[in-house]
**Student:** 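Structure provided below as structure tokens; questions to follow.
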Amino acid sequence: MKRTKVKELLNSTAYGAEIKLQGWVRTFRNNQFIAVNDGSTINNIQAVVDFQNTDEATLKRLTTGAAISIIGELIESMGKGQKVEVKVKTLEILGDSDAEIFPLQPKKHSLEFLREIAHLRFRTNTFNAVFKVRHALAFAVHQFFNEKGFVYLHTPIITASDAEGAGEMFRVTSLDFDNPPRDEAGKVDFKQDFFGKSTNLTVSGQLEGELAAMALGEIYTFGPTFRAENSNTTRHLAEFWMIEPEVAFNDLEDNAALAEGLLQYVIQYALENCADELEFLNNRLLEEEKSKPMDERSEMDLLTKLRFASTSDFERLTYTEAIEILKNSTPNKKKKFKYLIEHWGADLQSEHERYLVEKHFKKPVILTDYPKDIKSFYMRLNDDGKTVRAMDILFPGIGEIIGGSQREERLDYLEKRMDEMHIPKDELYWYLDTRRFGTAPHAGFGLGFERLVLFVTGMTNIRDVIPFPRAPKTAEF
RNA sequence: UCCUUCUUAGCUCAGUUGGUUAGAGCAUCUGACUGUUAAUCAGAGGGUCGCUGGUUCAAGUCCAGCAGAAGGAGCCA
């Protein structure tokens, strides 16, 4: 007999039907009511055991976490609290779960504790919901680009270039650490390494993405990226997933429109396809807010925030305009900012971005045209000679969720920038070839997938939206 | 990496100016009850107070170092 999923059973009205139910015990109440969960939904189904005619030793084994298989009759529930339940005919314990040592209990656990038992936290409602939403968002990303005719491009995980300079990299080698081969100068001889050169884990697929975009037109990547930065924050990971579209003939305005469209599409998709999960996460947050003082509570609940973000236009302004707003802002005048805004050219700190998004505009913000000195070499120089066609998208509670730009397509300008920033041109000959042969305007951006999942689930620590987080001193499981 | 705070039972937390045998709720175990909704009621067990050293007649409590965690900052996605 084939099993029926809990999700299906809960929506069924086929009373009297014989069904097979398999799942894990969440709670066993009153010696007769088993709350069974099989992961198909965060909701449980109640299975009722005839305890007077069931072996006592079997009943004792119905502990939280045990895997069970039930054949029974789907009936209209006699109790309140649920429409349907399963009247147990035969009950088999597939796998015991020793209640004395199983760490999950039918009670609330702290996220910090669950992080320490990440191999078991899938079994909680919160993480069931989080990873369902994560899946839905990933699926929606592919659907969005597919509908638009983009090509999903797989860029390499192992790379020889650290060209973007996006941060510290993890070295990849098969050399013997205790006794590496040395060259005449006494340095490690990577010519004898697996690839015949020094290699690293990728920090971005952008440069390779540009190569493909200059032929396929519209591409996107969606893969893991690695940064060996010693970042200990609630929004950084050493291993994270990034979505990087790159589009030929797009300028910065097209780029911003694409980014806004993508974000609104995937949030909308989650709202439509993860209603139960988002409602659960919404209630979870509301509970949490109750313990906070009034002035720290958020103005919108999670669902309202998501509906708002997916329907209202993002605020667009230039760096120069943002500086003006910040200069004249109350916290700047009253010297409440840790870093006061005094002159054009200063990098924006988290507190400034947060002020713009959460206090001034109260909506997602697209900031463009930053000073060239605080941005990467490949961004297109504006006619003013001091700003570049960069854009950051800032989200409330998250900060920077997207960073992108229109790329510098003029070979002479690009080479000049690379010289100024000491980027080795010979190593990047293949990148420069796109500008040598049939160069064209193009633009793209990088979307941090986990930051997106953070925003949509309302979780606050990035380590809680990826199954097995990788961060400094953190590589368990 | 820097700043701040924290580390007491399986989990969440109390623990006064340093002072007898370190407490509670939940969980677990035993029993009762049997249409319960994180069931309820009664009872029981459960501790190297993060680690190392120091001050003191006396340290969970004070001091130092180390380790780990949380929040914030920087780097960024």
Side-chain angles (χ1 to χ4, degrees), chain A residues 26-35 43-52 59-60 63-65 75 77-82 85 87 97-117 124-125 164-168 203-206 221-244 259 291 337-339 347-354 374-376 392-395 398-404 445-455 460-466 471-474 476:
Chain A
R26 279 295 174 79
T27 64
F28 181 43
R29 284 186 295 269
N30 218 359
N31 215 23
Q32 52 182 329
F33 303 105
I34 319 169
N43 300 311
N44 305 327
I45 193 161
Q46 175 159 292
V48 189
V49 190
D50 178 4
F51 67 94
Q52 279 161 331
L59 293 176
K60 283 255 184 276
T63 53
T64 302
I75 59 170
S77 179
M78 292 152 74
K80 291 168 191 166
Q82 60 276 317
E85 62 189 23
K87 194 176 162 188
S97 176
D98 185 344
E100 295 221 43
I101 51 176
F102 185 59
L104 293 173
Q105 306 154 9
K107 63 169 268 188
K108 210 182 162 194
H109 294 287
S110 69
L111 292 172
E112 290 80 16
F113 173 64
L114 293 172
R115 220 170 282 151
E116 289 169 14
I117 51 166
T124 64
N125 288 336
E164 202 192 339
E168 290 296 309
V203 293
S204 161
Q206 180 200 316
T221 73
F222 189 166
T225 44
F226 309 87
R227 307 240 170 124
E229 299 286 348
N230 192 8
S231 299
N232 293 288
T233 79
T234 51
R235 54 194 188 283
H236 289 86
L237 289 166
E239 177 182 295
F240 65 98
W241 291 68
M242 191 153 62
I243 295 137
E244 295 179 288
S291 61
F337 283 143
K338 197 175 166 203
Y339 299 90
D347 209 347
L348 299 183
Q349 307 290 323
S350 294
E351 58 182 347
H352 306 132
E353 297 180 347
R354 193 164 297 154
I374 57 173
K375 287 291 175 184
S376 303
D392 283 357
I393 300 189
L394 311 176
F395 261 40
I398 311 289
E400 187 177 342
I401 196 168
I402 278 181
F445 59 85
L447 165 63
F449 185 56
E450 282 75 18
R451 290 192 179 171
L452 173 66
V453 182
L454 266 186
F455 180 74
T460 48
N461 190 317
I462 202 162
R463 298 175 191 197
D464 293 331
V465 297
I466 186 166
K473 303 270 159 61
T474 306
E476 192 71 38

**Student:** Between A73(B) atom C1' and Arg354(A) atom CZ, what is the distance in whole Å?
**Tutor:** 10 Å
**Student:** For the P atoms, the ones on G18(B) and on A59(B), what distance do you get once it is rounded to whole angstrom?
**Tutor:**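 These two P atoms come out 13 Å apart once rounded.
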**Student:** What's the separation between atom OG1 in Thr63(A) and atom CZ in Phe102(A), rounded to the nearest 0.5 Å?
**Tutor:**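 One gets 8.5 Å once the value is rounded to the nearest 0.5 Å.
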**Student:** Just call it for Gln46(A): base, sugar-phosphate, or nothing, with non-hydrogen atoms closer than 4.0 Å on any strand.
**Tutor:** base
**Student:** Using every non-hydrogen atom in the two residues, find where Thr234(A) and Leu454(A) come nearest and quote the distance to one decimal.
**Tutor:** O-CD1, 4.1 Å
**Student:** Examine the base of U40(B) for any acceptor or donor lying under 3.5 Å from a partner atom in the side chain of Asn30(A), and report the outcome as yes or no.
**Tutor:** no
**Student:** Contact class for Met242(A) (heavy atom, under 4.0 Å): base, sugar-phosphate, or nothing?
**Tutor:** sugar-phosphate
**Student:** What heavy-atom pair brings Thr474(A) and Arg463(A) nearest, and what distance separates the two atoms?
**Tutor:** OG1-NH1, 3.9 Å
**Student:** When you get a sec, tell me which of A73(B), U12(B), G71(B) is the closest nucleotide to the side chain of Arg235(A)?
**Tutor:**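 Closest nucleotide to the Arg235(A) side chain: A73(B).
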**Student:** Out of C29(B), U37(B), C11(B), which nucleotide sits closest to the side chain of Ala99(A)?
**Tutor:** C29(B)
**Student:** Quick one: is C2(B) close enough that its OP1 or OP2 comes under 4.0 Å of any side-chain N or O from Asn230(A)?
**Tutor:** no
**Student:** By the 4.0 Å heavy-atom rule, please label Glu112(A) as base, sugar-phosphate, or nothing.
**Tutor:**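 Sugar-phosphate contact only - Glu112(A) comes under 4.0 Å of backbone atoms but never of a base.
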**Student:** Take the protein atom CZ of Phe240(A) and the nucleotide atom P of C75(B), then report the distance between them rounded to whole Å.
**Tutor:** 15 Å
**Student:** Could you check which nucleotide pairs with C26(B) in any of the strands shown, counting Watson-Crick or G-U wobble with both distances under 3.5 Å?
**Tutor:** G10(B)
**Student:** Base, sugar-phosphate or nothing for Glu353(A)? Non-hydrogen atoms, less than 4.0 Å.
**Tutor:** nothing
**Student:** Between G10(B), C76(B), A70(B), which one does the side chain of Lys107(A) approach most closely?
**Tutor:** G10(B)
**Student:** Give one of base, sugar-phosphate or nothing for Gln82(A), where a contact means two heavy atoms less than 4.0 Å apart.
**Tutor:** base
**Student:** Counting side-chain heavy atoms from C-beta on, which of A69(B), U28(B), A70(B) comes nearest to Thr474(A)?
**Tutor:** A69(B)
**Student:** For A70(B) and Thr234(A) - does any side-chain N or O of the residue sit under 4.0 Å from the phosphate oxygens OP1/OP2?
**Tutor:**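 Indeed not, no polar side-chain atom of Thr234(A) lies that close.
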**Student:** Nearest of G35(B), C75(B), U34(B) to any side-chain atom of Thr233(A)?
**Tutor:**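 Of G35(B), C75(B), U34(B), C75(B) is nearest to the side chain of Thr233(A).
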**Student:** Quick check for you: among U12(B), G74(B), U34(B), whose closest atom lies nearest to any side-chain atom of Phe113(A)?
**Tutor:** U12(B)
**Student:** Any idea which of U36(B), G35(B), A70(B) is nearest the Arg29(A) side chain?
**Tutor:** U36(B)
**Student:** Quick check for you: among U37(B), C11(B), C75(B), whose closest atom lies nearest to any side-chain atom of Lys80(A)?
**Tutor:**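 So the nucleotide nearest the side chain must be U37(B).
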**Student:** Would Phe33(A) count as stacking on G35(B) if stacking means ring centres less than 5.5 angstrom apart and planes tilted under 30 degrees?
**Tutor:**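 Check failed, Phe33(A) does not stack on base of G35(B).
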**Student:** Looking across every strand, which nucleic acid part, if any, lies under 4.0 Å from Arg26(A) by heavy atom: base, sugar-phosphate, or nothing?
**Tutor:** nothing
**Student:** When you check the phosphate oxygens OP1 and OP2 of C76(B), does a side-chain N or O of Arg451(A) lie under 4.0 Å from one of them?
**Tutor:** no
**Student:** Determine the contact category for Phe449(A): base if any of its heavy atoms lies under 4.0 Å from a base atom, sugar-phosphate if only primed atoms, P, OP1 or OP2 are that close, otherwise nothing.
**Tutor:** nothing
**Student:** Take atom CD1 of Ile243(A) and atom P of C76(B), then tell me their distance rounded to the nearest Å.
**Tutor:** 20 Å
**Student:** So Asn232(A), base contact, sugar-phosphate only, or nothing? Heavy-atom distance under 4.0 Å.
**Tutor:**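 Since a base atom lies under 4.0 Å of Asn232(A), the category is base.
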**Student:** Rounded to whole angstroms, how far apart are CG on Leu114(A) and C1' on U12(B)?
**Tutor:**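 Nearest whole value for this atom pair: 12 Å.
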**Student:** Output the rounded distance in Å from CD1 (Ile117(A)) to C1' (C11(B)).
**Tutor:** 10 Å
**Student:** Taking atom P of U12(B) as reference, at what distance in whole Å does atom CZ of Arg115(A) sit?
**Tutor:**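 My rounded result for the distance is 12 Å.
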**Student:** Return yes if the base of G72(B) and the side-chain atoms of Glu351(A) contain a donor-acceptor N/O pair under 3.5 Å, otherwise no.
**Tutor:**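 No, the side chain and the base share no sub-3.5 Å donor-acceptor pair.
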**Student:** Please confirm whether any donor atom in the side chain of His236(A) sits under 3.5 Å from an acceptor in the base of C76(B), or the reverse.
**Tutor:** yes
**Student:** Tell me which nucleotide among A27(B), A73(B), G74(B) gets nearest to the side chain of Gln105(A).
**Tutor:**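 Out of A27(B), A73(B), G74(B), the nucleotide with an atom closest to Gln105(A)'s side chain is A27(B).
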**Student:** How is Thr27(A) classified with respect to the nucleic acid when contacts are heavy atoms under 4.0 Å: base, sugar-phosphate, or nothing?
**Tutor:** sugar-phosphate
**Student:** So Thr225(A), base contact, sugar-phosphate only, or nothing? Heavy-atom distance under 4.0 Å.
**Tutor:** nothing
**Student:** Base, sugar-phosphate, or nothing for Ile402(A), non-hydrogen atoms under 4.0 angstrom?
**Tutor:** sugar-phosphate
**Student:** Could you check which nucleotide pairs with A64(B) in any of the strands shown, counting Watson-Crick or G-U wobble with both distances under 3.5 Å?
**Tutor:**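 Pairing partner: U52(B).
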**Student:** Using both distances under 3.5 Å as the test, list the Watson-Crick or G-U wobble partner of A77(B), or none.
**Tutor:**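 Here A77(B) is not engaged in any pair, so there is no nucleotide opposite it.
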